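Since the structure comes first, as structure tokens, the remarks are kept for the end.
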Amino acid sequence: IERTRRVENQTIRRRGVDGNIFTALMNTAPITYQDRRSRVVWLIDISDRVEMDNALRESERRLSRVIEESPIPVSIVSKIDNRRLLANAAFAELFGAQSVDVLIDFPTDETYADATDLEAMRRYLDGDRELRDFEITRRGSDGHAFPVLMNSHSIEFAGEAARFYW
């Protein structure tokens with residue numbers, strides 16, 4: 001096999017012998033066969049994978065829309081460094097933030113009224129438990145304190161261990 005002009009994993013759409021169109025990864029390699037320069041071509045049908053990827057993207061889009069439009073305050077926080085990864089408008093409104101983007105950048109710890117309560121909650125969650133109607137006092141962007149009932153569920157979000165809160 002010669003080492004020049006190879007094609008590796010190029011996505012293409014082709015019509016099969018049955019007339020149906022399919023998606024494939026095309027690979028080619030130049031070869032010498034019976035003293036003639038030739039090319040070997042092989043295709044890998046990835047139609048099922050493409051359909052699954054499209055279905056997953058659509059599902060993620062619908063979930064994002066539900067979260068964004070939910071009247072229930074929702075956020076997703078990294079388990080690694082407690083950064084807010086996502087929040088909806090209702091969550092920003094609960095804390096009196098001008099926008100979701102402002103709240104995302106605001107340190108999570110500063111939205112709790114009592115650091116001792118926050119540490120107790122984190123110790124509880126360290127046991128890989130989930131919150132169910134957990135009462136704690138939070139602090140709005142203007143400094144006022146208010147009680148909330150929190151619930152959580154562990155998830156993976158954007159490839160990161162996270163916790164979904166509502």
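The shown structure was predicted, so the numbers you read here are calculated from the model rather than taken from an experiment.
Residues Leu86 and Trp166 share a single hydrophobic cluster, defined by chaining ILVMFWY side chains whose heavy atoms lie under 4.5 Å apart. Under a hydrophobic-cluster definition in which Ile, Leu, Val, Met, Phe, Trp and Tyr are linked whenever side-chain heavy atoms come within less than 4.5 Å, directly or via other members, Ile155 and Leu85 are assigned to the same cluster. When hydrophobic clusters are built by joining Ile, Leu, Val, Met, Phe, Trp and Tyr residues whose side-chain heavy atoms come closer than 4.5 Å, directly or via intermediates, Ile67 is not grouped with Ile104. Following chains of ILVMFWY side-chain contacts shorter than 4.5 Å, one can reach Phe157 starting from Ile72, so the two form part of one hydrophobic cluster. Cluster membership check: Ile44 does not share its hydrophobic cluster with Val41, using side-chain heavy-atom separations under 4.5 Å among Ile, Leu, Val, Met, Phe, Trp and Tyr.
By the 4.5 Å heavy-atom criterion applied to side chains, Ile76 and Arg163 are not counted as neighbours. Counting heavy atoms from C-beta outward, Thr11 and Thr23 have side chains that approach closer than 4.5 Å. You'll find the side chain of Leu131 reaches within 4.5 Å of the side chain of Tyr124, heavy atoms only. Between Asn151 and Glu130 there is no side-chain heavy-atom pair separated by less than 4.5 Å. Val77 is not listed as a side-chain neighbour of Arg83, based on a closest heavy-atom distance of 4.5 Å or more. Contact of the Phe134 side chain with the Leu149 side chain is not registered, since no non-hydrogen atoms from C-beta on lie closer than 4.5 Å. Taking the side chain as every heavy atom from C-beta outward, Val148 and Phe146 approach each other to under 4.5 Å. Counting only heavy atoms from C-beta outward, the side chains of Tyr112 and Thr137 never approach each other to under 4.5 Å.
The minimum heavy-atom distance linking Ser141 with Gly96 is given by the pair OG-O, 2.9 Å. Taking all atoms of both residues into account, the shortest heavy-atom contact from Pro71 to Ala90 is O-CB, 3.5 Å. Of all the heavy atoms in Ile21 and Arg13, the pair that sits closest is CG2-NH2, 3.4 Å. Contact detail for Ser152 and Leu125: the closest heavy-atom pair is OG-CD2, 3.9 Å. For the pair Ala92 and Leu103, the tightest heavy-atom approach, listed with the atom from each and the gap, is CA-CD2, 3.6 Å.
Here the OG1 atom belonging to Thr28 is positioned 8.5 Å from the CD atom belonging to Glu8, to the nearest 0.5 angstrom. The CD atom of Gln10 lies 10.5 Å from the CG atom of Leu43; values are rounded to the nearest 0.5 Å. To the nearest 0.5 Å, the span separating CG on Leu56 from CZ on Arg61 amounts to 12.5 Å. Here the CE atom belonging to Met150 is positioned 4.5 Å from the CE atom belonging to Met121, to the nearest 0.5 angstrom. To the nearest 0.5 Å, atoms CZ (Arg122) and CG (Asp117) are separated by 12.0 Å. Here the straight-line distance linking atom CG of Asp101 with atom CG of Asp105 works out to 7.0 Å at 0.5 Å rounding.
Asn9 places no side-chain N or O within donor-acceptor distance of the main-chain N or O of Leu25, the cut-off being under 3.5 Å. Here the side chain of Ser64 pairs a donor or acceptor atom with the backbone of Glu60 at under 3.5 angstrom. The backbone N or O of Asp35 sits nowhere less than 3.5 Å from a side-chain atom of Thr32 that would complete a donor-acceptor pair. Panel note: side chain Asn88, backbone Val74; a donor-acceptor pair is recorded below 3.5 Å.
No more than 12 heavy atoms of other residues, nucleotides or ligands lie within 6.0 Å of CZ in Arg36, so this atom counts as exposed by the packing criterion. The number of heavy atoms from other shown groups lying within 6.0 Å of CD (Gln98) does not exceed 12. Enclosure of atom CD in Glu58 by more than 12 non-hydrogen atoms of other residues, nucleotides or ligands within 6.0 angstrom is indicated.
Asp45 and Ser47 share a donor-acceptor pair across their side chains, judged by distance under 3.5 Å alone. Using modelled atom types, one finds no donor on one side chain facing an acceptor on the other under 3.5 Å when comparing Thr111 with Arg139.
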Could you walk me through whether Arg123 and Glu119 pass the salt bridge (charged side-chain N to carboxylate O under 4.0 Å, His left out) check?
CA-CA 6 Å; Arg123 278 193 305 278; Glu119 286 309 312; 5.0 Å; no

Might you work through the side-chain hydrogen bond (donor to acceptor under 3.5 Å, both in side chains) test for Arg84 and Ser75, ending with a clear yes or no?
CA-CA 7 Å; Arg84 240 181 239 101; Ser75 71; 4.9 Å; no

In sequence, state the C-alpha distance, the side-chain angles, and the governing distance for Lys79 and Asp128, and then conclude on salt bridge (charged side-chain N to carboxylate O under 4.0 Å, His left out).
CA-CA 10 Å; Lys79 284 186 175 182; Asp128 222 20; 3.6 Å; yes

